[in-house]
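What follows is one structure encoded as structure tokens, with my remarks underneath.
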Amino acid sequence: MVFKSVGWGGGDYRAPAPVQRTSRQRQERDIVAYVGSVQPREGKTRQGKTDAKKQASTSSDTEWTERLTTLNNGLFGYNTEAGRVLLRVTHNDRKFDEYIGLPFTKGVTERETGRTMIMLATTAHHGEAMQNQFDGALWDEKEKSYGNCIRWLNVGDLREGFIGLDYQPHAKRNAGVATSVEEVSFLAKTLMQYGFNERTRLYLLQPPHVMESTEGIALRKRGLERLVD
């Protein structure tokens with residue numbers, strides 16, 4: 001599931017203090033992060049000056065896993081620093097334009113346990129970041145599996161924005177998508193437990209763009225729109 005998200009935008013966020021790198025081995029904590037180094041963007045402006053903007057890591061050589069005790073807005077601000085924000089693209093629903101420039105963060109949560117990973121300052125795919133961190137996660141040319149996990153994204157932070165995920169009732173268990181309303185509810189409760197505002201909107205999307213699915217529209221019409229619902 002790839003969402004059109006890479007770009008540079010504004011925001012009044014501060015990047016968190018540098019963290020000490022840990023290994024790519026499994027980090028035993030309810031919340032973990034897959035973290036990349038914010039890097040200078042190569043290239044020059046039209047005026048010939050060096051481009052001072054920054055970008056997220058594009059190489060596993062500069063990425064690591066980190067144990068977290070909680071989620072906070074500074075973590076999402078790190079993605080703003082890295083240029084990971086929602087951009088306006090042709091295929092996105094225009095109703096999502098109000099979120100343009102807010103940090104774009106990918107995450108994954110394990111069913112039953114609620115163990116959660118967020119991805120910071122990296123262009124890696126969900127499956128790449130999950131290696132060694134979740135049982136059954138495989139990401140190579142022969143096989144791709146998300147184990148017993150549900151992928152999701154957050155545009156914004158703990159206070160504003162929206163959460164989006166793919167919903168396919170007939171998908172395989174290891175496809176990384178929610179397959180029932182009960183699984184969507186479990187994810188919502190888990191994210192509220194980790195600090196997300198209960199009034200945060202939750203959309204069932206139709207990847208690879210930020211486009212609401214027909215199932216999501218139907219549920220929203222029933223009043224199921226926010227995490228607390």
Side-chain angles (χ1 to χ4, degrees), residues 1-3 5 19 21-36 56-71 75-76 79 84 104-155 162-196 202-208 210 213 215-216 227:
M1 178 167 64
V2 180
F3 288 87
S5 59
V19 294
R21 294 189 183 189
T22 55
S23 69
R24 292 288 297 276
Q25 296 180 349
R26 187 181 177 103
Q27 304 299 317
E28 297 297 343
R29 190 65 67 86
D30 289 341
I31 312 174
V32 297
Y34 183 83
V35 187
S57 169
T58 59
S59 170
S60 60
D61 294 337
T62 58
E63 298 168 347
W64 67 96
T65 54
E66 187 73 21
R67 296 183 295 272
L68 299 177
T69 58
T70 186
L71 296 179
L75 293 170
F76 300 102
N79 273 357
R84 301 292 290 176
F104 179 99
T105 307
K106 292 190 286 189
V108 60
T109 295
E110 192 170 46
R111 297 178 180 91
E112 285 92 36
T113 70
R115 189 166 180 270
T116 293
M117 169 185 278
I118 63 172
M119 301 170 63
L120 303 172
T122 174
T123 60
H125 192 281
H126 283 88
E128 296 173 278
M130 292 171 62
Q131 296 302 291
N132 302 323
Q133 298 302 317
F134 294 92
D135 296 340
L138 296 173
W139 192 258
D140 56 37
E141 294 181 357
K142 296 182 179 180
E143 186 175 1
K144 291 178 172 57
S145 169
Y146 298 94
N148 192 30
C149 296
I150 301 172
R151 300 165 297 170
W152 50 272
L153 62 86
N154 181 66
V155 176
F162 73 91
I163 292 166
L165 64 151
D166 193 357
Y167 174 73
Q168 298 179 26
H170 302 294
K172 293 182 178 179
R173 186 74 170 175
N174 66 351
V177 302
T179 60
S180 68
V181 175
E182 288 75 21
E183 289 184 356
V184 176
S185 177
F186 173 79
L187 177 63
K189 292 176 182 177
T190 300
L191 295 182
M192 284 191 291
Q193 177 184 339
Y194 290 152
F196 278 91
L202 186 149
Y203 290 103
L204 302 183
L205 301 178
Q206 181 178 323
V210 183
S213 66
E215 294 90 347
L227 292 182

Any donor-acceptor pair under 3.5 Å from [X] side chain to [Y] backbone:
X	Y	value
Lys172	Ser145	no
Arg84	Met119	no
Tyr146	Met130	no
Ser59	Ser57	no
Asn79	Ala121	yes
Thr122	Gly36	no
Glu215	Gln168	no
Arg115	Asp30	no
Gln131	Gly127	yes

Indicate the atoms forming the closest heavy-atom contact of [X] with [Y], along with that distance.
X	Y	answer
Arg111	Glu183	NE-OE2, 3.0 Å
Gly114	Thr116	O-OG1, 2.9 Å
Thr179	Ala171	CG2-O, 3.9 Å
Gly164	Leu205	CA-CD1, 3.8 Å
Glu63	Ala124	OE1-CB, 4.4 Å

**Prompt:** Applying the side-chain contact (heavy atoms from CB on, under 4.5 Å) test to Val177, which of Leu165, Asp166, Leu204, Ile150 qualifies?
**Reply:**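 Testing each of Leu165, Asp166, Leu204, Ile150 against Val177, the sole residue satisfying side-chain contact (heavy atoms from CB on, under 4.5 Å) is Asp166.
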
Point-to-point distance, once rounded to the nearest 0.5 Å, from [atom1] of [X] to [atom2] of [Y]:
X	Y	atom1	atom2	value
Thr70	Ile31	OG1	CD1	5.5 Å
Asn154	Leu191	CG	CG	8.0 Å
Leu120	Leu68	CG	CG	7.5 Å
Ile118	Leu75	CD1	CG	5.0 Å
His126	Lys106	NE2	NZ	5.5 Å
Asn174	Glu143	CG	CD	7.5 Å

Is there a side-chain contact between [X] and [Y] in this structure, where contact means two heavy atoms from C-beta onward sitting under 4.5 Å apart?
X	Y	result
Thr69	Arg29	yes
Trp152	Thr105	no
Gln133	Tyr34	no
Leu153	Phe104	yes
Val155	Val210	no

**Message:** If the condition is ring pair (Phe, Tyr, Trp, His ring centres under 6.0 Å), which residues does Phe162 pass it with, not counting sequence neighbours?
**Reply:**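 In terms of ring pair (Phe, Tyr, Trp, His ring centres under 6.0 Å), with neighbours along the sequence ignored, Phe162 is linked to Phe96, Tyr99, Tyr203.
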
**Prompt:** What do the steps show when you test Arg173 against Glu112 for salt bridge (Lys or Arg N to Asp or Glu O under 4.0 Å), and what is the final call?
**Reply:** CA-CA 13 Å; Arg173 186 74 170 175; Glu112 285 92 36; 3.3 Å; yes

**NZ (Lys144) with more than 12 external heavy atoms under 6.0 Å** =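 Above 12, so yes.
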
**Prompt:** Are side-chain N/O atoms of Thr109 and Thr190 paired as donor and acceptor at under 3.5 Å?
**Reply:**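 Judged by distance alone, the side chains do not pair up.
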
